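Please read the structure below before turning to the comments.
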There are 2 protein chains.
Amino acid sequence: MESPYLRIAAELRRRIHSGELAPGDKVPSTRVVARDFTVALATAARALAVLKEEGLVEARPRSATVVAATRSRPRRRAGPVELTREGIVREGVAIADAEGLGAVTIRAVAARLGVAAAAVHRHVRGRDELVFGMADLAYGEGRYPAGTLSRRERLETVARTLWQIYRRHPWLPNLTPLDRPLPLPGLLRHGEQLLRALDGLGLAPEAMLTIEVLIYAHVQGLAVHIERETQAMAATGLSSDQWLDTQGRTMSAFVTSGRYPMFTKTITGLGAEGYDFDLDNIFETGLQALLDGLRIESLSRSTS
Amino acid sequence: MESPYLRIAAELRRRIHSGELAPGDKVPSTRVVARDFTVALATAARALAVLKEEGLVEARPRSATVVAATRSRPRRRAGPVELTREGIVREGVAIADAEGLGAVTIRAVAARLGVAAAAVHRHVRGRDELVFGMADLAYGEGRYPAGTLSRRERLETVARTLWQIYRRHPWLPNLTPLDRPLPLPGLLRHGEQLLRALDGLGLAPEAMLTIEVLIYAHVQGLAVHIERETQAMAATGLSSDQWLDTQGRTMSAFVTSGRYPMFTKTITGLGAEGYDFDLDNIFETGLQALLDGLRIESLSRSTS
DNA sequence: ACCTGAACACCGTTCAAGT
DNA sequence: ACCTGAACACCGTTCAAGT
C-alpha cells in the first residue's frame, strides 16, 4: 500500500523536526499541500490529520494551522502500563477513528503502545481478531433508555443509535466481510431492542429476522458513505470551489459528455451552490419510508 | 495477511505435486480439512476452491472431489499476448470472483498473465486504479431492455439489475470507500435509468437524488452479505450440521447465555431446520417496502 | 510469565538496466 | 517502447532467546 498520505505526513514531519518549520510557523494548508504534492485534497487533508493527531501541529481557531509550540509529549502513559487485550483494542479504535481502518496495523498499534509487535500477538491472535474486537467495542457503545416507547419509536431508536455509532466510527460499516461469523455481543444488544419492538404482533420469527436485517441494511448501506463524506469535508476549507476540485472535475466531464442526459439534467437543475449531500437527512427519509412500507401492524409514525 | 486458507491450499498443493495424492485420489473433504487444520469450514472451503480454480482438483458430480487427471495446463494463453489495461482489469475481476478481493494483488495478476509485477504498473497506476477499473467493468455489465416500462417497473429493474451484478461479483459492494471520487461510468448507466423513472413527476432534483441514493443503499446494504452467504454455502456440504459448525457454535453460546432473551426466543421459535437466510427474498421484500413507503406519485406496485 | 529481536514470507512501487 | 530484476519500505506472524 504505502499510502501517499503517510508519505506526505512523513515529509512534513521531517521539516518540523529539522527546524525548517519552527513552532508557531504556519503549516501548509490543505490546498497548498494538495498542489505541491500533486494529490487530491482529501489525501492532503488526511496527511495533515495525522500530524494533528500526533500533536505536532495545532489548528488555531479562525486562523491557519501552525506547528505546535512544544512537541506535546507522546501520548504514551507515563511509566510502563500493563499491556492488555482491552488496551490494544482501544488503541486500534483510536487509530481507525483518526486515520481509517487501513492505518490499523499490528505494528502501528504496538508502536503507539511502546511495545514490540510480537507482544501484541500475545494478547490478540491476529489482525482479524483485533478488528473483530474493535467492532465489538464500538457496537457496544450505544445505550438505550429504560423508559417505555412505542413500537415505532423503539425501531427508530435502534436505527438512530446505530447511525450515531457509525458517525463516531466511520470505518465500522465497512467491515461486514470478516472472516469469522458475525455474531458480536455488542451488535446483539441492538437486535434485542429491535426484536422487542416486534414482539407480540404475531409475526413469524422469520418475518421478524427479515425486518431486522432490512433495518440493519438500511443503516449500514448509507453509513458506508460517511467516511467519504468526512474526507470530503476535511478536504474543503471554507471556500466553495471545494466540490469542483474533488468530485467536480470528473462529474463535469460526465455532464459535458452528453452520454448521461438524465444525470446532466438533474445536476444542472440543482441550485447554484450544488447538492449538499446530507446523509443524515437521507437516512431519516429512508428510515421513515422503510418503516411505513413494511406496514407492520400498529406501527404508526412517531412524532419525532 | 498470510491467509490461513492460502497456507492450507499450499500444503494440499504440495501433497499433490509430491505424489502423496495421485490423480484420481479423493481430496480431503471440506469437513476433514477443517478438522485436520483446525480451521472453520468456510476457511477449508476456500482453500479447496483455490485448488479447484487452479485445475488441480475436480469436483466429481454426485461424488467426492478428486485430484485432476492431467494437471490442466496453466490457463495462460498460448504464446505471448499483448499486455493491455483491459486484460489486466479482466484478470483482476477473475481473481476477485474466485478468491475474493483480498487475493487481488498486483503480483498475483502479473503472475497469472505471465509478466513481471512492474509490467502491470506500466498500464495501471497502482492497485487502487486496478480495483477502480474492476468496479467500473463489473458495473458496466447490466443491460436494460429498450421496451417501455412503468415508473415502478423501471425502478425495480434497476435495483434487480444491480442485485444480479452483486450476485456475480460479491466483492463489489464492499469497495465503496475507494480513495478516488466514486463516479464510475459503469454506475452512471444505472443512475440514468433510475432518474428516468422519476422524471416528469415534478420532483425537485434533490428529492430525485435522495431516492436514487436510498435505492442504491438498499441494494448495496444487503449485497455486502452475499459474500458471507456464498462462503457459508461453499462450506456446507449437503449435511445439515453445517450451520452448527460455523455460526452455530457462537450462536448457541449466545442463546444459552440468557443475556439475549428476545434473540433466544426468536431463534428457538424457528422451525427445526433453522432459518435459511434467503437474501433474494429479503432483498425483494425490502425493495417493495421502500418503494411503497416513498409514496412517489403514480408508483403503483407492479405485478412482478 | 512476558516481552524482544530477528527472521520469514509476503505486499506495492520504483528505477536502472536490458531487449 | 516495453518489459525485467532487483531493490526499498512496508506488512503479519513466528520463535528462540532474553529478562
Side-chain angles (χ1 to χ4, degrees), chain A residues 1-11 13-14 37-39 43 50 76 79-85 87-88 91-92 95-96 99-134 178-179, chain B residues 1-11 13-14 37-39 43 50 76 79-85 87-88 91-92 95-96 99-134 178-179:
Chain A
M1 270 302 175
E2 180 50 9
S3 321
Y5 80 95
L6 284 180
R7 210 160 7 215
I8 295 170
E11 166 58 17
R13 204 181 291 118
R14 189 195 59 72
F37 290 86
T38 58
V39 294
T43 307
V50 171
R76 187 117 35 82
V81 168
E82 197 195 5
L83 187 61
T84 64
R85 193 194 133 96
I88 289 167
E91 200 66 42
I95 295 174
E99 305 174 48
L101 199 58
V104 179
T105 66
I106 295 286
R107 289 173 125 100
V109 171
R112 287 178 50 146
L113 290 170
V115 297
V120 172
H121 275 98
R122 190 161 287 278
H123 296 86
V124 132
R125 193 180 308 275
R127 187 182 183 275
D128 285 357
E129 186 174 310
L130 168 61
V131 175
F132 192 77
M134 287 166 54
L178 285 166
D179 265 0
Chain B
M1 269 301 175
E2 181 51 9
S3 323
Y5 80 95
L6 286 179
R7 211 164 0 218
I8 296 168
E11 166 59 15
R13 205 182 290 116
R14 189 195 60 72
F37 290 86
T38 57
V39 295
T43 308
V50 171
R76 186 119 34 82
V81 169
E82 197 195 4
L83 187 61
T84 66
R85 192 192 134 95
I88 289 167
E91 200 67 42
I95 295 174
E99 304 174 49
L101 200 57
V104 179
T105 67
I106 297 284
R107 290 175 125 100
V109 171
R112 287 179 48 146
L113 291 170
V115 297
V120 171
H121 274 98
R122 189 160 287 277
H123 295 87
V124 133
R125 194 179 306 273
R127 188 181 183 275
D128 284 358
E129 186 174 310
L130 169 61
V131 174
F132 191 77
M134 286 165 53
L178 284 165
D179 267 358

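In what follows, every heavy atom counts, from backbone to side chain, and hydrogens, waters and symmetry copies are set aside. The chains referred to below are lettered A, B, ... by the order of the sequence lines, with proteins before strands, and numbering in each begins at 1. Source: prediction; values computed, not measured.
In this structure, the side-chain contact (heavy atoms from CB on, under 4.5 Å) partners of B:H123, at least two apart in sequence or on a different chain, are B:L83, B:R85, B:I88.
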Represent DNA chain C in dot-bracket notation, 5' to 3'. Only Watson-Crick or G-U wobble pairs with both distances under 3.5 Å count; pseudoknot-style crossings use [ ] and interstrand partners use |.
-> ||.|||||...|||||.||
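One can place CG of B:L83 at 9 Å from C1' of D:dC3, the figure rounded to the nearest angstrom. Rounded to whole Å, atom C1' of D:dT13 lies 14 Å from atom CG of A:L130. For the pair A:R125 CZ and D:dT14 C1', the interatomic distance rounds to 14 Å; values are reported in whole Å. Rounded to whole angstrom, the span from the CZ atom of B:R127 across to the P atom of C:dT13 amounts to 9 Å. In this structure, the CD atom of A:E99 is 15 Å from the C1' atom of D:dC10, given to the nearest Å. Put simply, CD1 on A:I106 is 6 Å from P on D:dG12, counting in whole angstrom units. Distance CD (B:E82) to P (D:dC2): 9 Å, rounded to an integer number of Å.
Listed for the A:R127 side chain is a donor-acceptor partner under 3.5 Å among the backbone atoms of A:V104.
Residue B:A118 has its side chain nearest to D:dT4 when only C:dC11, D:dT13, D:dT4 are considered.
Each of B:R107 and B:V115 has a nearest nucleotide on DNA chain D; the 5'-most of these lies closest to B:V115.
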